[in-house]
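Okay, structure first, notes after.
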Amino acid sequence: MASANPFNSILKTLEKPQGGEFGKYYSLPALNDPRIDKLPYSIKILLESAIRNCDEFQVKSKDVEKIIDWDNTSPKQVEIPFKPARVLLQDFTGVPAVVDLACMRDAMNKLGGDSNKINPLVPVDLVIDHSVQVDVARSENAVQANMELEFQRNKERFAFLKWGSSAFDNMLVVPPGSGIVHQVNLEYLGRVVFNTNGVLYPDSVVGTDSHTTMIDGLGVAGWGVGGIEAEAAMLGQPMSMVLPGVVGFKLLGKLRDGVTATDLVLTVTQMLRKHGVVGKFVEFYGEGMSELSLADRATIANMSPEYGATMGFFPVDHVTLQYLQLTGRSEETIAMIESYLRANKMFVDYNEPQIEKVYSSYLQLKLEEVEPCISGPKRPHDRVPLKEMKADWQACLDNRVGFKGFAIPKESQDKAAKFSFHGTPAELRHGDVVIAAITSCTNTSNPSVMLGAALVAKKACELGLEVKPWIKTSLAPGSGVVTKYLQKSGLQKYLNQLGFHIVGYGCTTCIGNSGDIDESVASAISENDMVAAAVLSGNRNFEGRVHPLTRANYLASPPLVVAYALAGTVDIDFETEPIGTGKDGKKIFFRDIWPSSEEVANVVQSSVLPDMFKATYEAITKGNPMWNQLSVPSGSLYAWSPTSTYIHEPPYFKDMTMSPPGPHGVKDAYCLLNFGDSITTDHISPAGSIHKDSPAAKFLLEHGVDRRDFNSYGSRRGNDEIMARGTFANIRLVNKLLKGEVGPKTIHIPTGEKLSVYDAAMRYKTAGQDTIILAGAEYGSGSSRDWAAKGPMLLGVKAVIAKSFERIHRSNLVGMGIIPLCFKSGEDADTLGLTGHERYTIDLPSCVSEIRPGQDVTVATDSGRSFTCTVRFDTEVELAYFNHGGILQYVIRNLIGAKQ
């Protein structure tokens, strides 16, 4: 049982310089342990949390010692508990989280427990941000028009979240139209240091989106977890994590003139991908830090998932304090933050001698070596220097189909698809841009690249350049602050002139909310098999994500998005070929429209002001008229509607009893899907638009929903019936059972029929037959998505056997009761001669005490072939979740007081 904190002896008082006190805090220097001084700053945050929460039950003294001895323990993959200070949700993941909480209340009630115990025990910030489908673009009225359409589509979902904000304690809901969750977190929600009931401690956060890491740029430890992990953290459960290694990344010098933060982050992403940082923290340090603005740091931190790290951490220093001042945090709050962090030796002061930190490995980058670049056409770490882009594009046309290839025959590469755009003759060629979007939390929080894009637009307009009318251009700022400084600078009108009107405040193209492209353009692409391009200032460009018809998708800085929109193609050498022809008939080159770093800095200095942040966030929780007019039911238990296609009670707790079901093996299972490497959560989880011929579409039509009202999968995450049907529904799915055919189909092994994945899974379930999935390396990479685990569970998948797993996804599989197993090194389905037509039996001990984290098990097939796999339950806590049938069942039984 829990006991008094054994570290209460180091609880000290933090005095204010002018008298009085800020509060109490657990003093790391008071431990008088020289090992602490050399710990990376990011590890000190884990240490402080363990000390403050130590009760010898959930967090033990030996856990504290493991963290203090990090230099020796981290290479051994030891397990530690971590309790984050708060949880961050956005509406796409927030809806299923609140659905699960509501469902847990019902289950608690049925089991005779107190349903009101189901409440967040740590602060929960829920930002309704993923709500901008770009239906209307290139219009002065785009924001209002898109918002009205979103409220029409999502009224029920928004009302449900509004109910949750009043039904659950400790939950702040930021209404739609306010901004992207990660930018709102950076500019407003991030505390840096908490003061709760007179106790000071570092802000730390886990969020249900992998780009929660953006807050690392503010010196707040934060990373993405699955929705089910976040729910457990909300309910007071410690997160079990492997004590990570920390890569020290030293930055030197400063960026060259004209090079952007986006160029830097794409370079860093490629370097870290090559170094290998999966499951590790990356901590930035060095003299180059003083040359990086907070917004630049946040840009780098944001893309941690793309380079594979758990965090990309920037410790708090004077740049952080300046940003807090800029964004309207009070002077007293900033003084408290600095005083606390200095007292606990967690503040970096470059005017003082630096104690050399110990890191697991080291990298170094001279900032002056960074050059303009973009990444693509299918992965964020496939960086292409701008000067090499034309040659790289040609190679992509030639190469066989893959991450860097489209296999377009030589004789077809110069083909022009002629079409009529609203009566005007037009044509498309391979590489022509059809979507150009300034979007995504990665860049829209950074004034230098946003105002840089506006300066490019200004120069282009003054020279007479235009963007072709069939290119779908859009601008989606991460918060209302961006609009204020674009207007203050007088530059928004130039972006408007080129078609980059503001379409809304939230995630758009980067998450797949591109909306339709013009029908004539879509037909020209489809009928002529053109490789059309999208250029976006986002962080994800996996195939099929941005838009079904853009096979080439490039990540670029906002200024480069404007440049490529003007050029109209990615098949261009900006150094030698003109972007277009000016009003006087003169050829205009890239260098003619590109602003200098000094020009950008001057506009930032004069246009980005503290009052803009204060004005934006003082009004943020007041909502807008459409939000305020939503009527919601009262009561702590939700009244589920049997006819709703947005909110549905999931079957997770059906027939649940107080007794844990215990561990289960797999017997004579069929292979539902047989995959190769790099199957992402974009392939697995329902995302983007709902295809008209999909099982989800069929379900909606049967329930009276017109096709125009299908909305996106993301908006329907609160309905398990639709999400189960959308699992493995990606049009780019490559399943070896289909022998080369691409699409969301599989073979039903007993009959040999080709069916949708959902229909095949339901046929197996109806027959009482288990299924498994075979996969290659990096299974589940990409965004952390709880439905990438919930969906397979609802389809009846009992185990996934892969070469390797992405960290969050593996954890989510365990949380939903699915067994993750890894082939032995050097082995996979192909080397073992597995076709996926076999039946698979996995024997696990019937008693959880007989299972050890990381133990080997034998997998037998009906073909007579057997092989050994490692069971990827990585911690004792994960074994407990599996014993209970999942993390949510574990929490409910724990709250009621069931025998564990």
Side-chain angles (χ1 to χ4, degrees), residues 179-190 192 211-220 222 251 254-255 258-269 284 288-304 312-329 367 370 438-455 475-486 488-489 491 505 537-539 555-561 595 597-610 612-613 616-617:
I180 300 175
V181 58
H182 306 305
Q183 187 163 343
V184 174
N185 193 23
L186 188 75
E187 295 175 351
Y188 175 64
L189 297 172
V192 186
H211 293 106
T212 300
T213 55
M214 188 172 191
I215 200 68
D216 301 340
L218 195 67
V220 173
L251 297 173
K254 63 183 294 185
L255 294 172
V259 176
T260 68
T262 316
D263 301 322
L264 171 59
V265 73
L266 295 179
T267 303
V268 168
T269 298
F284 294 89
M289 291 278 280
S290 60
E291 296 294 334
L292 284 183
S293 70
L294 196 292
D296 289 354
R297 296 175 183 192
T299 301
I300 296 169
N302 177 282
M303 282 192 74
S304 295
F313 188 74
F314 291 81
V316 176
D317 60 12
H318 286 102
V319 174
T320 320
L321 300 180
Q322 288 164 10
Y323 181 81
L324 292 173
Q325 201 167 23
L326 171 69
T327 50
R329 270 77 162 196
L367 295 175
V370 176
I438 300 175
T439 178
S440 167
C441 49
T442 306
N443 287 291
T444 60
S445 62
N446 193 323
S448 65
V449 291
M450 297 300 285
L451 288 165
L455 285 170
L475 166 59
S479 82
V481 175
V482 179
T483 301
K484 287 182 170 64
Y485 65 63
L486 283 172
K488 167 79 174 170
S489 68
L491 297 173
Y505 301 91
S537 63
N539 46 48
L555 305 182
S557 66
L560 278 176
V561 170
S597 297
E598 186 179 6
E599 285 178 87
V600 174
N602 288 340
V603 177
V604 171
Q605 184 70 29
S606 61
S607 305
V608 185
L609 306 171
M612 296 176 177
F613 293 89
T616 298
Y617 289 112

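Both backbone and side-chain heavy atoms feed into the values below; hydrogens, waters and symmetry mates do not.
- Between the Ser537 side chain and the Ala556 main chain, no donor and acceptor come within less than 3.5 Å of each other.
- Contact between Pro315 and Thr320 at its shortest, heavy atoms only, is O-OG1, 4.0 Å.
- In this pair, Tyr617 and Tyr188 present their aromatic rings parallel. The plane angle is below 30°, not in the 30 to 60° band.
- For the pair Leu475/Met450, a side-chain contact is recorded, criterion being any heavy-atom separation below 4.5 Å from C-beta on.
- Side-chain contact check for Val319 versus Ser290: every heavy-atom pair is 4.5 Å or farther apart.
- Neither side chain, Thr299 nor Asn302, offers a donor N or O lying under 3.5 Å from an acceptor on the other.
- Distance check, rounded to the nearest 0.5 Å: CZ of Arg329 to CD of Glu187 gives 8.0 Å.
- No donor-acceptor pair closer than 3.5 Å links the side chain of Ser607 to the backbone N or O of Lys488.
- Nearest heavy atom pair, residue Ala261 against residue Asp296, reads CB-OD1, 3.2 Å.
- Using a 4.5 Å cut-off on side-chain heavy atoms (C-beta onward), Pro477 and Gln183 make no contact.
- Residues meeting the side-chain hydrogen bond (donor to acceptor under 3.5 Å, both in side chains) test with Ser597, sequence neighbours left out: Asp257.
- Rounding to the nearest 0.5 angstrom, the gap separating the CG atom in Asn185 from the CG atom in Leu218 is 8.5 Å.
- Closest heavy-atom contact between Pro447 and Val608: CB-CG2, 3.7 Å.
- With values rounded to the nearest 0.5 angstrom, Leu294 atom CG is found 14.0 Å from His318 atom NE2.
- Atoms OG1 and CG, on Thr260 and Asn446 in that order, are 8.5 Å from each other to the nearest 0.5 Å.
- The distance from atom CG of Leu367 to atom CG of Asp263, rounded to the nearest 0.5 Å, is 12.0 Å.
- When side chains are defined from C-beta on, Val604 does not count as touching Tyr485, because their heavy atoms never get closer than 4.5 Å.
- Annotation: the span from Met289 atom CE to Asp317 atom CG amounts to 5.5 Å, rounded to 0.5 Å.
- The closest side-chain heavy-atom distance from Val603 to Leu491 is below 4.5 Å.
- Between Leu186 and Tyr323 the shortest side-chain heavy-atom distance falls below 4.5 Å.
- The nearest pair of heavy atoms linking Asp216 to Ala301 is CB-CB, 3.9 Å.
- Counting heavy atoms from C-beta on, the side chains of Met303 and Leu266 come closer than 4.5 Å.
- Counting only heavy atoms from C-beta outward, the side chains of Leu264 and Val259 never approach each other to under 4.5 Å.
- Phe284 is linked by a ring-ring contact (aromatic ring centres under 6.0 Å, His included) to Phe249, Phe314, counting only residues two or more places apart in sequence or in another chain.
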